[in-house]
Amino acid sequence: MKPISIMLSALVLSMASSAVMADSAGSPHVPSPFNISPTTSLPNVSPMNSDLSNRGAYIARTADCMACHREDYSGGVAIETPIGNIYSTNITPSQRYGIGNYTETDFKKALQKGRAPTHQLYPAMPYPSYHGMADADISALFAYFQTVPPVEEPPEKTTRLPFPLNIRTLMLAWNVINVPSTENRAGLTQTQQRGEYLVNNLEHCGTCHTPRNLTQGLDKDKYLSGAPLGKWYAPNITPDNDSGIGRWSEDDIVNYLRTGMLDKRAYAGGPMAEAIAHSTRYLTDEDLSAMAAYLKIVPIIKTDDYLIPVDTSRLPNPVSRSITYNLIEQKDYLAQEKSTTNAGSNTNNSPKSLYLAACASCHGVDGYAQPDARYASIVGLSSIRRVKPDALINVIAYGAKGALNTAPKMPGFSKELSHAQIASITNYVRINFGGLPSSNVSAADVKRILK
């Protein structure tokens with residue numbers, strides 16, 4: 001059993017849906033990357049549908065189904081794991097390729113127990129969290145999926161794991177230990193109870209933000225204290241002042257979940273951008289407030305990856321009032337700085353030269369970028385002020401993809417830049433745009449982190 005246990009642990013390590021509060025970007029003077037309002041319409045809501053199915057459309061958003069199954073629920077999205085990709089399935093009402101033959105009982109078993117009519121699901125589908133879904137919400141969600149246009153074709157790719165992980169019944173033993181993934185707390189207000197249900201079950205935040213135990217289930221003693229997620233890191237979202245979000249007010253949390261940004265603290269990227277784009281931006285003010293109220297009272301956990309407080313006196317000022325939206329001014333100023341810097345240093349390998357060559361065309365010489373064109377300012381980012389530079393190094397090396405097509409994709413430079421060059425850019429950014437007095441990331445640090 002030991003080899004199987006090890007492989008099961010590896011399997012579940014990165015099996016997480018996209019609800020990660022990534023602090024991979026954040027800046028002043030940046031509009032919402034999502035262009036949304038609390039009245040953004042829900043999909044497939046129609047007067048022709050029943051009230052039950054229309055309510056189910058909202059449940060689908062709160063459960064973040066689209067992040068993994070696509071907006072049309074056709075599936076085929078790859079969820080990376082150490083031993084191979086898990087691909088999401090077609091969950092449209094197609095009788096041949098989807099869940100058109102499911103009864104409501106079948107649907108409930110899949111959501112709460114990870115049990116499809118013919119096979120066991122992998123916990124890439126977060127049934128350990130959905131285990132706590134209310135029957136009324138499951139009924140509404142089931143009714144809603146009857147209104148979804150069927151996609152009469154299978155996903156382009158399907159899951160093919162190596163032996164013995166392709167034996168799905170092995171997950172039954174794992175389920176005994178790790179389902180349900182959370183327990184309800186006593187003594188909460190009605191608002192906090194609603195927030196607990198949203199955070200723990202529907203939005204399944206702990207799936208990404210909680211470290212894993214020896215069996216690779218959620219470590220309940222370290223709930224929401226941060227965890228690695230592939231090339232990303234889901235940070236501590238407990239109310240610790242130094243390493244978590246304790247300095248965020250409830251309004252801050254609501255605004256972040258609604259817009260994906262918080263001035264000089266967070267700008268959603270990667271999996272969290274997907275969670276906001278597909279899910280939390282659609283939630284009612286009452287539900288977002290409930291989530292915020294609950295996150296403020298979860299047990300405080302302090303970790304060693306704390307934030308260095310921002311020193312605003314060390315942050316740069318914009319070159320001009322117009323440069324963040326004047327493309328010609330940005331271009332001319334960048335050319336001028338490249339010429340001056342390269343002439344003064346007689347090398348194209350100085351920290352500033354490397355930043356100007358690789359980063360400044362998007363993020364700006366002064367770091368304030370072009371937010372109107374969806375290029376994120378990096379001034380004051382929380383991710384560049386963390387004691388551990390892992391998040392910043394990973395973004396420089398591997399890039400970042402936003403959830404919406406209107407947001408530019410940041411390329412990765414792992415093949416173009418050496419470890420020493422990535423370290424130089426990391427130090428330059430942390431000092432010049434994070435306000436840190438010093439930064440001593442080395443090439444060895446970069447090699448270790450990327451490995």
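Excluded from the calculations below are hydrogen atoms, water molecules and symmetry mates; all remaining heavy atoms, backbone and side chain alike, are included.
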* Do Asp106 and Arg115 pass the salt bridge (charged side-chain N to carboxylate O under 4.0 Å, His left out) test, and can you show the C-alpha distance, the side-chain angles, and the key distance before you say yes or no? -> CA-CA 8 Å; Asp106 293 333; Arg115 179 66 186 175; over 6 Å; no
* Kindly determine whether Tyr87 and Asn85 satisfy side-chain hydrogen bond (donor to acceptor under 3.5 Å, both in side chains), including the steps that lead there. => CA-CA 6 Å; Tyr87 292 93; Asn85 289 339; 3.3 Å; yes
* To do: Decide yes or no on ring pair (Phe, Tyr, Trp, His ring centres under 6.0 Å) for Phe433 and Tyr368, but give the supporting numbers first.
  => CA-CA 9 Å; Phe433 306 126; Tyr368 284 96; 8.3 Å; no
* To do: Begin from the C-alpha positions of Tyr122 and Arg168 and carry the test side chain to side chain contact (heavy atoms under 4.5 Å, CB included) through to its verdict.
  => CA-CA 7 Å; Tyr122 292 112; Arg168 291 174 179 257; 3.5 Å; yes
* Check against side chain to side chain contact (heavy atoms under 4.5 Å, CB included), Lys220 and Thr182 -> CA-CA 7 Å; Lys220 297 178 183 179; Thr182 57; 5.9 Å; no
* Are Asp137 and Arg55 close enough, and set up right, to give a salt bridge (charged side-chain N to carboxylate O under 4.0 Å, His left out), and what steps lead you there? -> CA-CA 8 Å; Asp137 285 348; Arg55 188 165 69 85; 3.1 Å; yes
* Given the rule in the side chain to side chain contact (heavy atoms under 4.5 Å, CB included) test, do Thr92 and Ile99 qualify, once you have shown the distances and angles that lead to the verdict? -> CA-CA 6 Å; Thr92 72; Ile99 60 172; over 6 Å; no
* Please report the C-alpha distance between Ser279 and Glu203 in whole Å, then the side-chain angles of each, then the deciding distance to 0.1 Å, and finally whether the side-chain hydrogen bond (donor to acceptor under 3.5 Å, both in side chains) criterion is met. => CA-CA 8 Å; Ser279 180; Glu203 291 287 352; 2.7 Å; yes
* Residue pair Asn236, Ser243: steps toward the side-chain hydrogen bond (donor to acceptor under 3.5 Å, both in side chains) verdict -> CA-CA 6 Å; Asn236 184 345; Ser243 58; 3.2 Å; yes
* To do: Please assess Ser249 against Asp251 for the test side-chain hydrogen bond (donor to acceptor under 3.5 Å, both in side chains), listing each intermediate value before the final yes or no.
  => CA-CA 5 Å; Ser249 67; Asp251 285 343; 5.1 Å; no
* Given side chain to side chain contact (heavy atoms under 4.5 Å, CB included), test Cys359 with Ile425 step by step and report yes or no. => CA-CA 9 Å; Cys359 314; Ile425 293 176; 4.0 Å; yes
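Ser383 places no side-chain N or O within 3.5 Å of a backbone atom of Leu392 that could act as its donor or acceptor partner. Side-chain N or O atoms of Gln146 include none that pairs as donor or acceptor with a backbone N or O of Ala143 at under 3.5 Å. At least one donor-acceptor pair under 3.5 Å links the side chain of Asn101 to the backbone N or O of Gln95. In this structure, Arg61 contributes its side chain and Tyr282 its backbone to no donor-acceptor pair below 3.5 Å. Of the possible polar contacts, one joining the Ser88 side chain to the Val77 backbone as a donor-acceptor pair under 3.5 Å is found. Between the side chain of Thr159 and the backbone N or O of Ile86, no donor-acceptor pair lies under 3.5 Å. With hydrogens and angles ignored, the 3.5 Å screen pairs a side-chain donor or acceptor of Ser442 with a backbone N or O of Asp445. In terms of modelled atom types and a separation under 3.5 Å, the side chain of Ser53 and the main chain of Asn49 share no donor-acceptor contact. With Lys296 contributing its side chain and Trp248 its backbone, the two residues share a donor-acceptor pair below 3.5 Å. Side-chain N or O atoms of His363 include none that pairs as donor or acceptor with a backbone N or O of Tyr375 at under 3.5 Å.
When all heavy atoms of Pro389 and Val441 are compared, the closest pair comes out as CG-CG2, 3.7 Å. Contact between Phe163 and Ile167 at its shortest, heavy atoms only, is CE1-CD1, 3.5 Å. Counting all heavy atoms, side chain and backbone alike, Ile422 lies closest to Ala397 at CD1-CB, 4.2 Å. Of all heavy-atom pairs spanning Ser139 and Leu52, the tightest one is O-CD2, 4.1 Å. Counting all heavy atoms, side chain and backbone alike, Gly435 lies closest to Leu315 at N-CD2, 3.8 Å.
A heavy-atom distance below 4.5 Å is found between the side chains of Val298 and Pro239. For the pair Leu436/Asn427, no side-chain contact is recorded, criterion being any heavy-atom separation below 4.5 Å from C-beta on. Side chains of Glu153 and Val151 form a contact here, defined as non-hydrogen atoms less than 4.5 Å apart. Contact annotation: the side chain of Met291 approaches that of Leu283 to within less than 4.5 Å [non-hydrogen atoms, C-beta and beyond]. Considering only heavy atoms from C-beta on, Tyr102 stays 4.5 Å or farther from Lys108 through its side chain. The closest side-chain heavy-atom distance from Leu111 to Leu141 is below 4.5 Å. Residues Ser181 and His131 fail the side-chain proximity criterion, which asks for heavy atoms closer than 4.5 Å. With contacts defined as side-chain heavy-atom distances shorter than 4.5 Å, the pair Asp135/Gln112 qualifies.
Within 6.0 Å of the CZ atom in Arg185, the count of heavy atoms belonging to other residues, nucleotides or ligands exceeds 12. Shown here is Lys113, whose NZ atom has no more than 12 heavy atoms of other residues, nucleotides or ligands within 6.0 Å. The number of heavy atoms from other shown groups lying within 6.0 Å of NZ (Lys157) does not exceed 12.
A tilted orientation is assigned to the rings of Phe107 and Phe142, their planes being inclined by 30° to 60°. In this pair, Trp174 and Tyr127 present their aromatic rings perpendicular. The plane angle is above 60°, beyond the 30 to 60° band.
Distance check: Thr210 OG1 to Asp219 CG gives 8.5 Å after rounding to the nearest 0.5 Å. Ser439 contributes atom OG, which lies 8.0 Å from atom CD1 of Ile308 (distance to the nearest 0.5 angstrom). Annotation: the span from Thr207 atom OG1 to Leu229 atom CG amounts to 10.0 Å, rounded to 0.5 Å. The distance from the OG atom of Ser418 to the CD atom of Gln421 is 3.5 Å, given to the nearest 0.5 Å. Annotation: the span from His278 atom NE2 to Glu71 atom CD amounts to 5.5 Å, rounded to 0.5 Å. In this structure, CD1 on Ile59 lies 12.0 Å from CG on Asn54, to the nearest 0.5 angstrom.
Side-chain contact of Glu152 with Ser94: a donor-acceptor pair under 3.5 Å is present, judged by distance alone. At a cut-off of 3.5 Å, with distance as the only test, no side-chain donor of Thr238 or Asp240 sits close to an acceptor on the other residue. Using a 3.5 Å distance cut-off with no hydrogens or angles, the side chains of Asp287 and Tyr58 do pair a donor with an acceptor.
Aromatic rings from Tyr398 and Phe413 are positioned such that their centres are separated by 6.0 Å or more. With ring centers used as reference points, His204 lies under 6.0 Å from Tyr130.
Between Asp305 and Lys388, none of the side-chain N atoms (NZ, or NE/NH1/NH2) sits under 4.0 Å from a carboxylate O, so this pair counts as no salt bridge. Between Asp242 and Arg247 there is a salt bridge, since a side-chain N of the basic residue sits under 4.0 Å from a carboxylate O of the acidic one.
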